[in-house]
Amino acid sequence: MNKTIYSFLLLCIFSCTNQRNNKILVNKVYAAMETEPVEYSGDSADDPCIWAHPNDPSLSLIIGTDKGKNSAGLRVYDLNGTEIFTTSNGKMNNVDIRYGFELGGDLIDIVTAGERTSNTLAVFKVDSENRSLVNIAAREISLGIPVYGSCMYKNVYTGDTYAIVNDKEGNVEQYLLKDNGQGLVDASLVRTLKLSSQLEGCVADDILGYLYIGEEDKGIWKFGANPNDSDIGILVDEVGENLTADVEGLTIYYSGDSTGYLIASSQGDNTYAIYKRSGENSYIGQFEIVDGNTIDGTSETDGIDVCNMNLGTNFSQGIFVVQDGINDVGNQNFKAVQWENIASSFNPPLDIYPSWDLRSN
């Protein structure tokens with residue numbers, strides 16, 4: 001056989017083997033808890049956020065969206081997965097939370113969500129005593145684009161807090177949240193961005209000052225998160241070797257001021273991709289949530305969230321929460337994985353840092 005042809009065949013065999021091995025090396029983890037299914041059937045659940053209780057970690061909450069019908073809303077679950085509170089103010093697509101928002105002289109934990117029924121920004125505060133949500137929107141805050149995805153950003157140096165929304169046409173709007181002087185929250189548009197195609201997932205790094213946006217068929221973009229930052233983004237990673245379209249939920253694991261991870265839902269292959277939070281966000285690896293003895297795995301995941309903090313007995317070293325697009329019994333729901341199980345599945349292991357306090361930043 002011609003030496004050139006032989007070398008070419010060896011290269012092809014090596015490449016194919018590597019591709020197979022990479023797929024085998026996707027780490028497998030198991031959910032430790034699942035929530036009750038959402039009320040409505042079909043593609044209804046979408047995105048979760050995690051609220052850490054200020055005094056008793058075991059009383060922390062998972063807040064999930066339901067976009068099943070115009071009378072849907074937000075679903076609030078305890079850490080056993082039991083639904084303990086709901087709102088009914090419309091199709092909620094994405095939800096996010098920030099601690100320490102100053103309102104009426106008090107510091108509150110503020111929650112925002114994109115509400116697709118009336119195309120408005122929903123604004124709540126967490127009632128820690130009743131473990132519920134209280135509507136604190138000063139008015140019906142109409143948005144300038146047909147809202148699809150949403151997230152929040154808090155500049156930890158100025159205290160300015162923003163809600164960021166996007167749509168299926170690649171448009172992004174950033175709103176400054178402000179006290180209206182009567183104990184309610186208003187918002188004003190301070191920035192717009194434009195990408196090429198459908199967006200949804202987004203997350204902001206409050207300390208490093210970056211905004212990450214998922215362009216579903218393209219990849220993950222990185223922008224400065226402040227209103228006066230450039231409107232030119234950097235493509236962190238694109239659909240291909242590490243991401244399979246659609247690029248969906250994004251979240252950040254904090255293990256210090258500049259350390260931790262950016263995590264993305266790679267919906268097309270039912271995995272979750274992990275990148276370094278610092279520097280150029282280099283790729284680390286992927287994991288998937290597979291069937292366990294009592295809780296099924298996850299697939300077709302939209303939204304995700306992670307919290308490094310101690311949330312009590314079952315999640316004392318952190319928690320990762322995802323929407324499950326195909327639940328084995330009943331309507332869609334949310335699954336939770338103990339962070340240490342994800343961290344230990346990598347070699348070297350990922351950071352585990354439950355003592356780093358999100359509330360103090």
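Treat the numbers as computed from the prediction; the structure is a model and nothing was measured. Residues: numbered from 1 along the sequence shown.
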Trainee: Within the distance-only criterion (no hydrogens, no angle test), does the side chain of Thr120 pair as donor or acceptor with the backbone N or O of Glu140 below 3.5 angstrom?
Mentor: no
Trainee: Same hydrophobic cluster for Ile342 and Tyr272, using side-chain heavy-atom links shorter than 4.5 Å among ILVMFWY?
Mentor: yes
Trainee: First locate atom CG of Asp167, then atom OG of Ser150, and finally report the distance between them rounded to the nearest 0.5 Å.
Mentor: 12.5 Å
Trainee: Looking only at non-hydrogen atoms, find the nearest pair between Ile110 and Phe101 and report the distance.
Mentor: CG2-CB, 3.7 Å
Trainee: Going by atom types only, do Thr112 and Tyr175 share a side-chain donor-acceptor pair under 3.5 Å?
Mentor: no
Trainee: For the hydrophobic clusters of this structure (ILVMFWY residues joined by side-chain heavy atoms under 4.5 Å, transitively), does one cluster hold both Ile145 and Val147?
Mentor: yes
Trainee: Not counting sequence neighbours, which residues clear salt bridge (charged side-chain N to carboxylate O under 4.0 Å, His left out) with Glu34? List them please.
Mentor: Lys335
Trainee: Do Ile295 and Val322 sit in one hydrophobic cluster, given that two such residues count as connected whenever their side-chain heavy atoms are within less than 4.5 Å of each other, even indirectly?
Mentor: no
Trainee: Give the minimum heavy-atom separation between Ser60 and Leu311, together with the two atoms involved.
Mentor: OG-CD2, 3.4 Å
Trainee: Determine whether Ile141 and Val185 make a side-chain contact, defined as any pair of heavy atoms from C-beta on separated by less than 4.5 Å.
Mentor: no
Trainee: What distance separates Asn327 CG from Glu36 CD, expressed to the nearest 0.5 Å?
Mentor: 11.5 Å
Trainee: Do we see a donor-acceptor contact under 3.5 Å between the side chains of Asp302 and Gln267?
Mentor: yes
Trainee: Identify the two heavy atoms, one from Asn242 and one from Tyr275, that lie closest to each other, and give their separation to 0.1 Å.
Mentor: CB-OH, 4.1 Å
Trainee: List the atom of Asn361, the atom of Lys154, and the distance in Å for their closest heavy-atom pair.
Mentor: O-NZ, 3.9 Å
Trainee: Quick one: pull up OG in Ser278 and CG in Leu208 and give me the separation to the nearest 0.5 Å.
Mentor: 8.0 Å
Trainee: Looking only at side chains, do Ser44 and Gln332 share a donor and an acceptor under 3.5 Å apart?
Mentor: no
Trainee: Could you tell me if Asn226 and Asn155 have a donor-acceptor pair between their side chains, going purely by distance under 3.5 Å?
Mentor: yes
Trainee: Side-chain contact test, heavy atoms from C-beta onward, threshold under 4.5 Å: evaluate it for Ile97 versus Val126 and give yes or no.
Mentor: yes
Trainee: For residues Phe334 and Gly64, report the shortest heavy-atom separation together with the two atoms involved.
Mentor: CZ-CA, 3.7 Å
Trainee: Are there over 12 heavy-atom neighbours, none belonging to Tyr212, within less than 6.0 Å of that residue's OH?
Mentor: yes
Trainee: I'd like to know if the side chain of Ser266 and the backbone of Thr244 have a donor-acceptor N/O pair within less than 3.5 Å.
Mentor: yes
Trainee: Are Tyr261 and Val26 linked, directly or through intermediate hydrophobic residues, by side-chain heavy-atom contacts shorter than 4.5 Å (ILVMFWY only)?
Mentor: no
Trainee: For the pair Phe320 and Phe287, name the ring-plane relationship: parallel under 30°, tilted 30 to 60°, perpendicular over 60°.
Mentor: perpendicular
Trainee: Just by modelled atom types, is the Gly144 backbone N or O under 3.5 Å from a matching donor or acceptor in the Glu173 side chain?
Mentor: yes
Trainee: When you look at Phe85 and Leu61, which way does the side-chain contact (heavy atoms from CB on, under 4.5 Å) test go after all the steps?
Mentor: CA-CA 10 Å; Phe85 182 82; Leu61 301 171; over 6 Å; no
Trainee: Out of Asn94, Asp46, Asp47, Thr117, which one pairs with Lys67 under the side chain to side chain donor-acceptor pair (under 3.5 Å) rule?
Mentor: Asp46
Trainee: Could you check whether atom NZ of Lys69 has more than 12 heavy atoms from other residues, nucleotides or ligands sitting under 6.0 Å from it?
Mentor: no
Trainee: Decide whether Asp269 and Thr271 meet the rule of one side-chain donor and one side-chain acceptor closer than 3.5 Å.
Mentor: yes
Trainee: Can a side-chain donor-acceptor contact be found between Thr35 and Asn333 if the only test is distance below 3.5 angstrom?
Mentor: no
Trainee: How many angstroms lie between atom CD1 of Ile108 and atom OG of Ser128, to the nearest 0.5 angstrom?
Mentor: 11.0 Å
Trainee: Before you tell me yes or no, could you show the steps for Trp339 and Leu350 under side-chain contact (heavy atoms from CB on, under 4.5 Å), namely the whole-Å CA-CA distance, both residues' side-chain angles and the distance that decides it to 0.1 Å?
Mentor: CA-CA 9 Å; Trp339 176 254; Leu350 304 179; 4.0 Å; yes
Trainee: Search all heavy atoms of Phe124 against all heavy atoms of Thr87 and return the closest pair with its distance.
Mentor: CE2-CG2, 3.9 Å
Trainee: Could you state the interatomic distance from CG (Asn270) to CD (Glu300), rounded to the nearest 0.5 Å?
Mentor: 6.5 Å
Trainee: SG of Cys202 to CE of Met152: how many Å apart, nearest 0.5 Å?
Mentor: 11.0 Å
Trainee: Answer yes or no: is there a donor N or O on one side and an acceptor on the other, between the side chain of Thr82 and the main chain of Asp78, under 3.5 Å?
Mentor: no
Trainee: Sequence neighbours excluded, which residues qualify as side chain to side chain donor-acceptor pair (under 3.5 Å) partners of Asn310?
Mentor: none
Trainee: Give a yes or no on whether a salt bridge exists between Glu39 and Arg75, defined as a side-chain N under 4.0 angstrom from a carboxylate O.
Mentor: yes
Trainee: Please determine whether side-chain contact (heavy atoms from CB on, under 4.5 Å) holds for the pair Asn281 and Lys276, giving the CA-CA distance in whole Å, both sets of side-chain angles, and the decisive distance to 0.1 Å.
Mentor: CA-CA 5 Å; Asn281 306 110; Lys276 287 185 177 180; 5.7 Å; no
Trainee: Please indicate whether Tyr30 has more than 12 foreign heavy atoms, meaning atoms of other residues, nucleotides or ligands, lying under 6.0 Å from its OH.
Mentor: no
Trainee: Give me the one residue out of Asp96, Val321, Ile50, Leu133 that meets side chain to side chain contact (heavy atoms under 4.5 Å, CB included) with Ile63.
Mentor: Leu133
Trainee: Can you list, by chain and residue number, the hydrophobic cluster partners of Leu235 when the side-chain cut-off is 4.5 Å?
Mentor: Tyr153, Tyr162, Ile164, Val172, Leu176, Val190, Leu193, Leu195, Leu199, Leu211, Ile213, Trp221, Phe223
Trainee: For the pair Arg359 and Asp109, find out whether any cationic side-chain nitrogen is under 4.0 Å from an anionic carboxylate oxygen.
Mentor: yes
Trainee: Between Leu358 and Cys307, does a side-chain contact (heavy atoms from CB on, under 4.5 Å) hold up when you go through it step by step?
Mentor: CA-CA 9 Å; Leu358 285 169; Cys307 178; 4.1 Å; yes
Trainee: Taking the basic N atoms (NZ, or NE/NH1/NH2) and the acidic carboxylate oxygens, is any pair closer than 4.0 Å for Lys125 and Asp127?
Mentor: no
